[in-house]
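Below you'll find the structure, written out as structure tokens, and then a few comments.
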Amino acid sequence: MNQGPHSAAGRPAAAVAMTDYEFCSQYDLYGHMACPGCGEKILLRHILNVLGPETVIVCPAGCAAVTDGVFPHSISPVPFLHVPFDATPAAAAGVRAGLDLSGRKHVTVLAWAGDGATFDIGMGALSAIAERNENILYVCYDNEAYMNTGIQRSSATPYGGWSTTTPKGQLKAEPKKNIGAIMAAHRIPYFASGSPAFLDDLTAKVAQAKRLSGLRFLHLLSPCPPGWKADPRDGITLARLAVESRLFPLYEIIEGTHYRLTHESSGAGFDEYLQLQGRFRYMSAGDRRILQADADRFYAQLTLRHNRNGETTVIGEEP
Amino acid sequence: MRQVISGNEAASLAVKLARVQVISAYPITPQTTIAEKLSEICGSGELAARFVRVESEHSAMSTLIGAASTGVRTFTATSAQGLALMHEPLFWASGARLPIVMVDVNRAMAAPWTIWCDQTDSVAQRDTGWLQFYCWSNQEIIDTVICAFKIAEKLLVPCMVCYDGFFISHTYEPVEIPEQKDVDEFLPPRNAEYKLDTENPHTFSGGTLPNYFMEFRYKLQRAFERAPEVIARVYGEYVQCFDRTYDSVESYAADDADAVLVASGSAASTVWHTVKALRDQGRKVGLLRIRQLRPFPAAELAAKIHPPQRIGVLDRNLSPGTGGVFTQEVRAALHRDGHTGRIHEFIAGLGGRDITMNNIIDIYDRLEQKTANASAINWVGLNP
Ligand code: SF4
């Protein structure tokens with residue numbers, strides 16, 4: 001929950017249509033403490049509505065932990081275990097072992113962690129549970145920086161991005177870590193990216209992940225208006241533009257080898273995506289070209305792999 | 001059944017007898033043979049437990065935090081750098097009131113790099129909210145690990161059982177191994193009142209503001225204040241079943257002694273042999289063996305010291321800038337009790353250096369002849 005000022009970089013030229021996803025009312029996470037326009041609670045709500053009550057959440061320090069409520073309040077409709085920042089993967093493995101040993105194998109263990117906990121401080125432990133193929137659904141809500149501590153760069157921060165530790169003059173000089181490739185290298189049964197602007201795609205992926213066992217990993221873009229220096233009402237717009245501009249393509253990787261694009265990104269909206277966010281304000285035209293070329297290259301790779309697989313793009317259907 | 005086994009085997013057998021459900025461990029000398037033995041026991045099906053083979057000690061403790069939160073019985077073992085790596089989740093385990101049991105096979109902290117014994121690793125964790133026991137024999141290890149589960153589960157406080165690397169962990173001794181049916185009777189399955197339960201969902205260890213945090217710590221402290229009574233009760237039940245028991249402070253010829261040495265771990269057994277030998281020569285020396293660092297048995301210790309006895313404390317650990325940790329604890333405990341005598345501090349055996357009977361005789365000589373320094377550390381066996 002970032003306390004910083006909300007600064008909008010501008011409004012989109014055209015309003016983006018609402019998704020036609022039908023809201024399921026089982027859980028609404030009423031009373032949470034997240035900022036207006038935050039992606040995290042939207043994502044969690046839709047995930048829980050697919051997973052249902054037989055779910056246990058394991059959550060490290062971060063916005064999700066704080067905005068769930070402070071003691072004695074909690075909005076979580078399912079058991080919720082707070083764990084140390086770096087401990088999510090291992091603690092989730094422990095919860096899994098404990099549930100299995102007490103006859104509760106059917107319960108889904110949902111590790112719900114931000115990019116700092118996942119890409120950075122928990123990376124060693126994450127690699128370990130992936131290598132062991134622990135029966136866990138690990139979901140990373142990626143807001144592309146340490147937002148809960150007030151916008152510090154993580155290895156998920158995009159190239160050229162501003163943060164309080166990559167200030168003007170020292171913008172992030174490295175590209176975002178490729179978490180999909182890392183997870184694929186572990187040959188986990190299922191990896192998918194997702195976005196709160198594409199809820200049908202997201203919920204289908206959650207349902208598919210729920211059907212499978214072993215380590216399933218979802219990488220979800222989580223708009224953060226205060227951290228991205230954007231208008232709260234643009235949260236979903238930004239999530240959509242990130243996908244269409246190919247900065248955050250929607251795809252999945254089966255067994256670490258079969259890639260499938262689940263949405264064709266038009267390539268449009270790159271400039272608009274950057275303009276709507278103060279965090280990209282200081283990028284030079286050259287840096288913007290580098291970022292876009294990198295996104296296009298990654299998307300071309302995904303397309304190539306997708307076509308080579310020759311698979312259907314329908315999520316959840318067995319190849 | 002009596003068997004000749006190592007200290008690490010004794011710990012492993014205790015884990016099996018306690019029917020632990022989730023084990024997680026990472027190899028580190030001199031603990032490793034516990035992880036190996038437990039893997040074997042789980043692999044053979046002798047114990048219906050899940051052994052989670054993690055990539056670090058931090059993850060071993062974190063895995064148990066997750067597992068213990070589901071209500072099952074959990075165990076890990078480590079040493080030195082591994083224990084230090086767990087420092088963060090150690091606090092979490094006690095703050096979350098999870099009755100995890102861990103063996104720490106005492107090993108000195110690097111640098112310089114070493115695998116040999118001293119207690120600096122575990123004494124450095126004394127503020128993490130774990131009960132800490134120190135053993136001097138393999139029999140005591142098997143008995144203490146079994147009791148540790150019962151004590152931890154009654155108090156909802158995690159418990160560390162410590163013993164000296166190599167001197168105890170790899171030394172073979174005859175051990176009376178309790179029967180499974182007797183242990184089952186003494187130690188029923190864990191019955192967790194609070195756990196991750198989808199039928200009754202709760203949030204655990206969430207963000208807490210100043211209006212509640214202190215009360216959590218107060219309750220943890222209260223649990224430690226209740227601990228002496230609970231520990232005594234559990235050992236009382238243990239002696240009924242198994243005919244063996246232990247006190248938090250054990251006195252050997254200390255009552256009428258002129259010079260008393262306070263010691264723990266394997267060094268205490270060297271002191272014990274020395275006391276026997278010196279008593280045969282008519283010298284009035286005694287030993288007080290301390291079995292707990294947390295809670296520190298202050299009242300029990302004070303009751304066993306009779307002024308004007310001359311008191312020394314043997315520390316196989318060092319808190320640089322202060323000295324031996326047991327010495328500080330003894331001084332605090334006796335001062336609280338109104339004791340005004342001098343407490344002499346002896347540092348010995350760091351990094352696995354032998355503590356010999358001659359070292360101990362020298363300590364008693366200095367205590368009796370009043371040549372021990374009362375205001376500074378007395379280093380024992382230091383190379384010139
Ligand atoms: S992720 Fe961003 S928008 Fe969401 S609660 Fe944290 S600071 Fe607020």
Side-chain angles (χ1 to χ4, degrees), chain A residues 1 33 52-61 65-102 104 106-109 111 121-122 124-132 134 136 148, chain B residues 20-24 26 48-74 76 85-86 88-93 95-96 98 100 189-190 192 194-209 211-213 215-216:
Chain A
M1 183 175 47
M33 295 161 66
E54 293 296 305
T55 304
V56 171
I57 296 176
V58 179
C59 180
V66 172
T67 60
D68 177 71
V70 293
F71 180 84
H73 302 289
S74 168
I75 57 154
S76 182
V78 297
F80 190 112
L81 184 68
H82 290 266
V83 297
F85 202 13
D86 41 2
T88 321
V95 171
R96 176 77 277 157
L99 291 175
D100 288 356
L101 264 285
S102 34
R104 290 173 280 168
H106 63 283
V107 173
T108 299
V109 176
I121 200 167
L126 174 61
S127 172
I129 63 162
E131 185 264 339
R132 299 200 306 268
E134 293 276 359
I136 292 164
N148 190 51
Chain B
V20 169
Q21 291 158 292
V22 176
I23 299 166
S24 185
Y26 184 79
R50 174 80 58 88
F51 193 117
V52 186
R53 292 163 180 91
V54 287
E55 83 297 348
S56 74
E57 289 88 350
H58 189 284
S59 284
M61 185 49 59
S62 301
T63 297
L64 297 193
I65 286 169
S69 299
T70 68
V72 299
R73 187 168 287 159
T74 59
T76 187
L85 190 54
M86 288 180 183
E88 182 207 20
L90 289 186
F91 282 102
W92 200 286
L98 299 170
I100 298 166
R190 181 179 164 204
Y194 310 101
K195 61 184 177 194
L196 293 167
D197 181 1
T198 51
E199 306 279 293
N200 182 20
H202 284 287
T203 293
F204 294 89
S205 303
T208 301
L209 299 177
N211 57 347
Y212 283 110
F213 188 89
E215 283 69 22
F216 279 102

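Note on naming: letters A, B, ... go to the chains in the order of the sequence lines (proteins, then strands), and numbering restarts at 1 for each one.
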Task: Between NE2 on residue A:His82 and OG1 on residue B:Thr208, distance to nearest 0.5 Å - done: 8.5 Å

Open item on the list: Taking side chain as everything from C-beta outward and backbone as N, CA, C, O, which of these in A:Pro53 sits under 4.5 Å from a heavy atom of chain B? Side chain, backbone, both or neither.
Closed with: backbone

Task: Residue B:His58 versus chain A: region with a heavy atom under 4.5 Å - done: side chain

Task: Atom pair CG/CG of B:Leu196 and A:Leu81 - distance to nearest 0.5 Å - done: 5.0 Å

Open item on the list: Test your reading of the model: is there a side-chain donor-acceptor pair from A:Arg104 to the backbone of B:Thr70, 3.5 Å cut-off?
Closed with: yes

- [ ] Between chain B and each of A:Ile57, A:Val58, A:Val95, count heavy-atom pairs under 4.5 Å; write down the option with the most.
- [x] A:Val95

Open item on the list: Between B:Val54 and A:Arg132, is there a side-chain heavy-atom distance shorter than 4.5 Å?
Closed with: yes

TODO: Go through the atoms of B:Phe51 and report whether side chain, backbone, both or neither lie under 4.5 Å from a heavy atom of chain A.
DONE: neither

Open item on the list: Tell me if a side-chain donor or acceptor on B:Ser62 pairs with a main-chain N or O of A:Ala91 at a distance below 3.5 Å.
Closed with: no

- [ ] Drop me the distance from A:Ile129's CD1 to B:Ser59's OG, to the nearest 0.5 angstrom.
- [x] 9.0 Å

Open item on the list: Using heavy-atom distances under 4.5 Å, tell me whether A:Pro89 contacts chain B through its side chain, its backbone, both, or neither.
Closed with: neither

Task: Contacting region of A:Val78 [heavy-atom separation from chain B under 4.5 Å] - done: backbone

Task: Portion of B:Gln21 that has a non-hydrogen atom of chain A nearer than 4.5 angstrom - done: both

Task: Non-hydrogen atoms of B:Val52 and A:Ala97 that approach each other most closely - done: CG2-CB, 4.1 Å

TODO: Against chain B, label A:Glu134 side chain, backbone, both or neither, depending on which of its atoms sit under 4.5 Å from a heavy atom there.
DONE: side chain

Open item on the list: Looking at every non-hydrogen atom in both residues, tell me the closest pair between A:Ala125 and B:Glu55 and how far apart they are.
Closed with: CA-OE2, 3.2 Å

TODO: Please determine, among A:Ala92, A:Ser127, A:Ala87, the option with the most heavy-atom pairs under 4.5 Å with chain B.
DONE: A:Ala87

- [ ] For the residue pair B:Asp197 and A:Pro79, establish whether any side-chain heavy-atom pair is separated by less than 4.5 Å.
- [x] no

TODO: Considering only heavy atoms and a distance below 4.5 Å, find which of A:Val107, A:Val109, A:Val83 pairs most often with chain B.
DONE: A:Val83

Open item on the list: Given heavy-atom pairs under 4.5 angstrom as the criterion, report whether the side chain, backbone, both or neither of B:Ala96 touches chain A.
Closed with: neither

Task: Atom of A:Ser76, atom of B:Thr203 and distance for their closest heavy-atom approach - done: CB-OG1, 4.0 Å

